[in-house]
2 protein chains.
Amino acid sequence: MSLVRSDIGRLLQYKLCLLRFKELGVNTIFSYNLGEAAGVTAVQVRKDFSVYGIKGRKRGGYNIDTLLIELNNIFGNSRKNIVVVGIGNIGKAIIQYNERFVKKNLHIVAGFDIDPSKQNKSYGVPIYPVEKISEVIKNNNVSTAIIAVPFQVAQELCNILISAGIKGILNFAPIILKVPDEIIVDNINLSNKLEGIIYNINL
Amino acid sequence: MSLVRSDIGRLLQYKLCLLRFKELGVNTIFSYNLGEAAGVTAVQVRKDFSVYGIKGRKRGGYNIDTLLIELNNIFGNSRKNIVVVGIGNIGKAIIQYNERFVKKNLHIVAGFDIDPSKQNKSYGVPIYPVEKISEVIKNNNVSTAIIAVPFQVAQELCNILISAGIKGILNFAPIILKVPDEIIVDNINLSNKLEGIIYNINL
DNA sequence: TTTTTATTGTATTTATTTTCACAAAAAATT
DNA sequence: AATTTTTTGTGAAAATAAATACAATAAAAA
Ligand SMILES: NC(=O)c1ccc[n+]([C@@H]2O[C@H](COP(=O)([O-])OP(=O)(O)OC[C@H]3O[C@@H](n4cnc5c(N)ncnc54)[C@H](O)[C@@H]3O)[C@@H](O)[C@H]2O)c1
Ligand SMILES: NC(=O)c1ccc[n+]([C@@H]2O[C@H](COP(=O)([O-])OP(=O)(O)OC[C@H]3O[C@@H](n4cnc5c(N)ncnc54)[C@H](O)[C@@H]3O)[C@@H](O)[C@H]2O)c1
């Protein structure tokens, strides 16, 4: 399977914005304010909430704590374990961000690399050889992996990850992975993102 | 303005796949093969081509060189200069990939960071203090910037970039940037990507 | 208390994207 | 030469997503 309903992305963005508003001491918010912060229209906000049965008060807006509880009900607030395959430029950047991911209950519990020299330095996350993938994923109840290896080996690693029980993949390699229908894949292709932006600039 | 028509992303993916087929010595391709490689249906491929006036030969498929020429006509094949703001984990990973971006005519010509210690090491791309943003962007005809600074300062840097003439931004900071209508912004929020994948896994 | 104002919630409309259906053309086969 | 097969190209239909319009309601003002 490929991707992510588009309203889900917006709900996650709302969550982020709401946490920031809360930090600033705001308790109540109108769809207009939240839309402004999240880069969408006020109607879009209300419609999204409406679809998920989230209610505000007419003329009173939404209570931020309530909203956050409702959003946490949708997304769950249990711990999620993640691994990173390929501890090169991107992989390293990601595991070094782990401290911040942990605040969102996203825990990078291991990295994997074929290069033994990567297995020494740990950046706070243990790095294992690829032979350990299956064992580590099974022992740590890992559902999700980030692929940051060269595209030539990405499909191979993807297959290993799926055999080990991975259900979702965030893939940085510039290739479309072939996966069974029930596996969720999301791709980030930076070159294409840049080319897309430049295309739009020149439109 | 926000984002990128969805067919554009597919056309870029086709381009990538076609280059790989070409490298393998393939000259001619059917919509079915290209769709398979690009992760879309054959009809989607043909429809996308149809919209952009790209023709194949009935029962003969498409000539890869011709397709690549047509796609290059759409996207242009001139050199594109890019800068990166914030040479931390992500910024560093990106400028170290410059050699590969250059093959796609995407040239990272400079990085910027507020931290003087980042300005020494260059990773092949010169790193300047933020005060130089305007000068460097103007002197190098830079249209596009990558923002990889903490979210608290992202809007500020964004404003500086736009004043300096930047027209498109790829933003890694987890915040929605406020920009004039004509500026193109594309956001990559890794936490949200991961949370979105996990939501879909558990669906 | 009544009226006005501000805001939510949603049904309806409009726009966009994807899929379906199938004719047209060219190649291959008989 | 006629028939069958394969594949493109695209109009039409279906599905999805976003914007519009407006009723309902609660708060504020008169
Ligand atoms: N860095 C970027 O800005 C950038 C930009 C666009 C795309 N990408 C893509 O992201 C991916 C990672 O990029 P990067 O810059 O981090 O690459 P990198 O070369 O720095 O790192 C790749 C890592 O994968 C490891 N590796 C290689 N083969 C392996 C295998 N079989 N099993 C396990 N590990 C293996 C290498 O040892 C290395 O540490 C690549 O596919 C690249 O094309 C990166
Ligand atoms: N690394 C990741 O995997 C990851 C994941 C999710 C989100 N992000 C986001 O991407 C952005 C960059 O992340 P990172 O991990 O590279 O952060 P980082 O802290 O490693 O790097 C940030 C860099 O920005 C520089 N900086 C700070 N203020 C500046 C200013 N005013 N002007 C210029 N430079 C300034 C710092 O000196 C530092 O070099 C952040 O917004 C972060 O939230 C990163």
Side-chain angles (χ1 to χ4, degrees), chain A residues 1-14 17-18 21 26-68 70-71 74 176 181 196 199-200 203, chain B residues 1-14 17-18 21 26-71 74 176 181 187 196 199-200 203:
Chain A
M1 190 193 299
S2 210
L3 211 71
V4 178
R5 286 166 55 186
S6 69
D7 52 354
I8 289 301
R10 287 194 302 270
L11 291 179
L12 288 165
Q13 191 60 51
Y14 302 155
C17 295
L18 289 167
F21 277 114
V26 180
N27 296 315
T28 292
I29 197 167
F30 298 131
S31 59
Y32 175 76
N33 306 128
L34 185 52
E36 167 83 6
V40 303
T41 64
V43 196
Q44 186 69 271
V45 171
R46 297 202 300 276
K47 188 58 173 265
D48 286 336
F49 286 169
S50 164
V51 166
Y52 287 87
I54 297 174
K55 302 275 180 188
R57 288 186 319 139
K58 290 222 168 76
R59 203 184 162 135
Y62 300 85
N63 176 270
I64 290 184
D65 285 327
T66 312
L67 280 182
L68 284 168
E70 306 255 32
L71 289 169
I74 293 171
I176 300 299
D181 252 18
Y199 174 84
N200 276 266
L203 217 56
Chain B
M1 191 194 298
S2 208
L3 211 68
V4 179
R5 285 167 57 188
S6 68
D7 54 353
I8 289 301
R10 286 196 302 271
L11 291 180
L12 288 164
Q13 191 60 50
Y14 301 155
C17 295
L18 290 167
F21 276 114
V26 180
N27 296 315
T28 290
I29 197 165
F30 298 129
S31 59
Y32 175 78
N33 307 127
L34 185 52
E36 167 82 6
V40 303
T41 65
V43 197
Q44 186 69 269
V45 170
R46 297 202 300 276
K47 190 60 173 250
D48 285 336
F49 287 169
S50 165
V51 166
Y52 287 87
I54 297 173
K55 302 274 180 190
R57 286 188 319 138
K58 291 223 167 76
R59 201 181 166 137
Y62 300 84
N63 177 269
I64 289 184
D65 285 327
T66 312
L67 280 182
L68 284 169
I69 290 167
E70 307 254 31
L71 289 169
I74 293 170
I176 301 299
D181 251 18
N187 297 294
Y199 173 83
N200 276 266
L203 215 57

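Throughout, protein chains are lettered first and strands after them, A, B, ... in sequence-line order, and every chain is numbered starting at 1. Since we're looking at a predicted model, the values are computed, not measured.
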Minimum-distance pair of heavy atoms, taken over all atoms of A:Phe49 and A:Leu34: CZ-CD2, 3.7 Å
If you take all heavy atoms of B:Phe21 and B:Asn33, which pair is closest and at what distance? CZ-O, 4.2 Å
Name the residue closer to the 5' end of DNA chain C, choosing between A:Tyr32 and A:Arg59 according to the nucleotide with the nearest heavy atom. A:Arg59
Tell me: [atom1] of [X] to [atom2] of [N], nearest whole Å?
X: B:Tyr52; N: D:dT10; atom1: OH; atom2: C1'; answer: 17 Å
X: A:Asp48; N: D:dA19; atom1: CG; atom2: C1'; answer: 13 Å
X: A:Phe49; N: C:dT10; atom1: CZ; atom2: P; answer: 13 Å
X: B:Ile8; N: C:dT16; atom1: CD1; atom2: C1'; answer: 15 Å

At under 4.0 Å between heavy atoms, what does B:Tyr62 touch on the DNA or RNA strands: base, sugar-phosphate, or nothing? sugar-phosphate
Once you apply a heavy-atom cut-off of 4.0 Å, does A:Gly56 come out as touching a base, just sugar-phosphate, or nothing? sugar-phosphate
Evaluate the side-chain proximity of B:Tyr199 to A:Ile74: yes if any heavy-atom separation is below 4.5 Å, no if none is. yes
Taking the side chain as every heavy atom from C-beta outward, state whether B:Val45 and B:Tyr14 have any pair of such atoms under 4.5 Å apart. yes
Would you indicate, yes or no, if [N] has its OP1 or OP2 atom less than 4.0 angstrom from a side-chain nitrogen or oxygen of [X]?
X: A:Arg46; N: C:dG9; result: no
X: A:Lys55; N: C:dT10; result: yes
X: A:Ser31; N: C:dT8; result: yes
X: B:Arg10; N: C:dT17; result: no

Upstream residue (5' side of DNA chain D) when B:Lys47 and A:Lys58 are each assigned their closest nucleotide: B:Lys47
Nearest heavy atom decides the nucleotide; on that basis, is A:Arg57 or B:Ile54 closer to the 5' end of DNA chain D? B:Ile54
Side chain of A:Gln44 only, please: which of C:dG9, C:dC20, D:dA19 is the nearest? D:dA19
